[in-house]
Amino acid sequence: MDLSNFRVSHIPQTIYYIPNFITQEEEEHIIKNVYSVPKPKWTCLSNRRLQDYGGIPHEKGMIPEKMPLWLEQYTNKIGHLNIFDGRKPNHVLVNEYLPGQGIMPHTDGPLFFPAVTTISCGSHTILEFSENNEKRDKICDILLERCSLVIVTDDMYTKYLHSIKETDSDNVAGCANLDNCTVKYPLNEQLKRETRVSLTIRHVPKVLKIKLF
C-alpha cells in the first residue's frame, strides 16, 4: 500500500487517512472480542473506559504482555505499512466512547515512537487538532469514519494537540479529509454518534526483558 495516496493535503505534516481499512465483518469481530473480556480488564475513567494490551508504557520501560491473537492480525497489518521504521507495533489501547463522550486536548508524549494509528469501529467521530498553547487555535478537523484507519506522524504528532469534543453529533463541514472519504457528505451534514470502539495501535521503544504471563 502506497501511503502517499492517502495523505491528507493542505494541513501541516502529516496525517494519512485510509477509509475501509477493515471490513464490516472485521469490525464486528473486533467489537465482539472487546466486549467479551472480564470486567476487571476495563479501566474506567470519568469520560470513557479503556483496555490496555501489550503492557503498560512506563518511562523506565514497558513490561511486555502477550498480545491476544485477535489483535495480532491488526498489529501485523499495520506493521506491514512500515509506519514505525521497521518496528512492529507492540501496544494497543482500546477506548470506548459513548455518545457525548470525548477526550481533552493532549499529546501522546515521548513514551511512544512518534507516530500513532487508530482504527475506528461502531461509530464515526471527529478528531480535532489545535495549537499547543493557551489560545488553542484550531489547526484542522479529521473525520474518522467506521472501519477507517488514521495515521498521525511528524508535526501533527509532536507539535499539536488532538482531542475529541464531548457531543452527541458532529457537523462534518470543514473536515480536512472529506476528499479522502468514500462517502460524499452533503454540506453541513450532521452525523449522530453511536458507541465507538477505537484501537490505538503504537510502538513502545523502551521494553524490559522481563515478561508477564
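Just so it is clear, the values below take in all heavy atoms, side chains as well, and ignore hydrogens, waters and symmetry mates.
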Participant: Go through the steps to decide whether I15 and L127 satisfy the test side chain to side chain contact (heavy atoms under 4.5 Å, CB included), and finish with yes or no.
Facilitator: CA-CA 11 Å; I15 292 178; L127 192 60; over 6 Å; no
Participant: What's the spacing between L161 CG and D137 CG if we round to 0.5 Å?
Facilitator: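 Answer for the CG-CG pair, L161 versus D137, is 11.0 Å.
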Participant: Flag yes if more than 12 heavy atoms outside K60 fall under 6.0 Å of its NZ atom; otherwise flag no.
Facilitator: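 Result for NZ/K60: open.
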Participant: Quick check: do T14 and M156 have side-chain heavy atoms less than 4.5 Å from each other?
Facilitator: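 T14 vs M156: side chains apart.
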Participant: Between S148 and P19, which heavy-atom pair has the shortest distance, and what is it?
Facilitator: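 Smallest interatomic distance, heavy atoms only, reads CB-CA, 4.1 Å.
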Participant: Please check if atom NZ in K77 has more than 12 non-hydrogen atoms from other residues, nucleotides or ligands closer than 6.0 Å.
Facilitator: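 It does: K77 NZ has more than 12 such atoms within range.
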Participant: Quick one: do F6 and L178 end up in the same hydrophobic cluster if we chain Ile, Leu, Val, Met, Phe, Trp and Tyr together by side-chain heavy atoms under 4.5 Å apart?
Facilitator: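 No, it is not one cluster - the side chains of F6 and L178 are not joined through contacts under 4.5 Å.
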Participant: Using the rule that Ile, Leu, Val, Met, Phe, Trp and Tyr join whenever any side-chain heavy atoms are under 4.5 Å apart, tell me whether L208 and V204 fall into a single cluster.
Facilitator: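 No, L208 and V204 fall in different hydrophobic clusters.
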Participant: Just how far is it from atom NE2 of H124 to atom NZ of K192, taken to the nearest 0.5 Å?
Facilitator: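 Rounded to the nearest 0.5 Å, the NE2-NZ separation comes out at 10.0 Å.
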Participant: State yes or no: do V116 and I151 share one hydrophobic cluster built from I, L, V, M, F, W and Y residues joined by side-chain heavy-atom distances below 4.5 Å, directly or via other members?
Facilitator: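 Different hydrophobic clusters.
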Participant: Please answer: with hydrophobic residues joined when any side-chain heavy atoms are less than 4.5 Å apart, are L81 and I201 in the same cluster?
Facilitator: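 L81 and I201: one cluster.
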Participant: Rounded to the nearest 0.5 Å, what separation is found between the CG atom of N90 and the CZ atom of F84?
Facilitator: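 These two atoms lie 8.5 Å from each other.
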Participant: Indicate the atoms forming the closest heavy-atom contact of A176 with C140, along with that distance.
Facilitator: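 In terms of heavy atoms, the two residues are closest at CB-CB, 4.2 Å.
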Participant: Compare every heavy atom of D168 with every heavy atom of G100, then report the nearest pair and how far apart it is.
Facilitator: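 Closest pair (atom of G100, atom of D168, distance): N-OD1, 3.3 Å.
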Participant: Can you find a heavy atom in the side chain of L98 that is under 4.5 Å from one in the side chain of E96?
Facilitator: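 A side-chain contact exists here, since the closest heavy-atom pair is under 4.5 Å.
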Participant: Evaluate the side chain to side chain contact (heavy atoms under 4.5 Å, CB included) criterion for residues D52 and H91: first the C-alpha distance (whole Å), next the side-chain angles of each, then the deciding distance (0.1 Å), finally the verdict.
Facilitator: CA-CA 8 Å; D52 258 297; H91 182 263; 2.7 Å; yes
Participant: Show the nearest heavy-atom pair for residues C181 and L143, with the distance to one decimal.
Facilitator: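 Heavy atoms of C181 and L143 come nearest at SG-CD2, 4.1 Å.
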Participant: Answer yes or no: is there a side-chain heavy-atom contact under 4.5 Å between V94 and V197?
Facilitator: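 In short, these two side chains touch, coming nearer than 4.5 Å.
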Participant: State the CD1-CG distance between I142 and N180, to the nearest 0.5 angstrom.
Facilitator: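 Output value for this atom pair is 8.0 Å.
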Participant: Starting from the C-alpha separation in whole Å, work towards a yes-or-no answer on side chain to side chain contact (heavy atoms under 4.5 Å, CB included) for E26 and I119.
Facilitator: CA-CA 11 Å; E26 288 176 308; I119 298 172; over 6 Å; no
Participant: Donor-acceptor pair, distance only, cut-off 3.5 Å: does the side chain of Q190 make one with the backbone of S169?
Facilitator: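 Here the side-chain-to-backbone pair does not exist.
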Participant: Write out all pairs satisfying ring-ring contact (aromatic ring centres under 6.0 Å, His included) with one or both partners inside residues 14-46, taking only residues at least two apart or from two chains.
Facilitator: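 Listed by first then second residue: Y35-W42.
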Participant: Tell me, do M62 and F112 make a side-chain contact under 4.5 Å, heavy atoms counted?
Facilitator: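 The answer is no, as the side chains (C-beta and beyond) never meet within the 4.5 Å cut-off.
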Participant: Search all heavy atoms of N177 against all heavy atoms of V8 and return the closest pair with its distance.
Facilitator: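 Nearest pair, atom of N177 first, then V8: CB-CG2, 3.8 Å.
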Participant: Going by heavy atoms in the side chains, are P57 and R202 under 4.5 Å from each other?
Facilitator: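 In short, these two side chains do not touch, never coming nearer than 4.5 Å.
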Participant: How long is the span from the CD1 atom in I22 to the SG atom in C121, to the nearest 0.5 Å?
Facilitator: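 Going from CD1 on I22 over to SG on C121, the span is 4.0 Å.
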Participant: Check whether any side-chain heavy atom of I31 lies under 4.5 Å from a side-chain heavy atom of E28, and answer yes or no.
Facilitator: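 Counting from C-beta outward, I31 and E28 never come under 4.5 Å.
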Participant: Hey, does the side chain of R193 reach the backbone of Q101 with a donor-acceptor pair shorter than 3.5 angstrom?
Facilitator: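 Side chain of R193 to backbone of Q101: a pair is present.
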Participant: Please check if the side chain of N47 supplies one atom and the backbone of G102 the other of a donor-acceptor pair under 3.5 Å.
Facilitator: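 Present.
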Participant: Are V183 and L191 linked, directly or through intermediate hydrophobic residues, by side-chain heavy-atom contacts shorter than 4.5 Å (ILVMFWY only)?
Facilitator: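 Yes, because L191 and V183 connect within a single hydrophobic cluster, where side-chain heavy atoms sit under 4.5 Å apart.
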Participant: Can you see whether F129 has K159 sitting over its ring - NZ or CZ less than 6.0 Å from the centre and within 45° of the normal?
Facilitator: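 Geometry flag: not set, cation outside 6.0 Å or 45°.
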Participant: Are the side chain of K206 and the backbone N or O of H58 linked by a donor-acceptor pair below 3.5 Å?
Facilitator: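 Checked: no pair found.
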Participant: Counting only N and O atoms by type, is there a donor-acceptor contact under 3.5 Å from the side chain of E59 to the main-chain atoms of L111?
Facilitator: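 Looks like no, no N/O pair under 3.5 Å.
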Participant: Checking side chain to side chain contact (heavy atoms under 4.5 Å, CB included) for the pair I83/F113: CA distance, chi angles, key distance, verdict?
Facilitator: CA-CA 10 Å; I83 299 160; F113 183 91; 5.7 Å; no
Participant: With no hydrogens and no angle check, is any side-chain donor or acceptor of S123 less than 3.5 Å from a backbone partner on E194?
Facilitator: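 Yes: the side chain of S123 pairs with the backbone of E194.
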Participant: Could you state the interatomic distance from OG1 (T158) to CD (Q13), rounded to the nearest 0.5 Å?
Facilitator: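 Rounded to the nearest 0.5 Å, the OG1-CD separation comes to 10.5 Å.
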Participant: Using atom types as modelled and distance alone, determine if a side-chain donor or acceptor of T153 lies under 3.5 Å from a backbone N or O of A115.
Facilitator: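 Answer holds: no.
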Participant: Are H162 and H106, when compared by the centres of their aromatic rings, separated by less than 6.0 Å?
Facilitator: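 H162 vs H106: aromatic centres under 6.0 Å.
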Participant: Do T118 and N95 have side chains that get closer than 4.5 Å, going by heavy atoms?
Facilitator: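 Not touching, per the 4.5 Å side-chain cut-off.
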Participant: Can you confirm whether Q24 is buried at CD, in the sense that more than 12 heavy atoms of other residues, nucleotides or ligands lie under 6.0 Å from that atom?
Facilitator: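 It does not: Q24 CD has 12 such atoms or fewer within range.
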Participant: Taking the side chain as every heavy atom from C-beta outward, state whether S163 and M104 have any pair of such atoms under 4.5 Å apart.
Facilitator: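 In short, these two side chains do not touch, never coming nearer than 4.5 Å.
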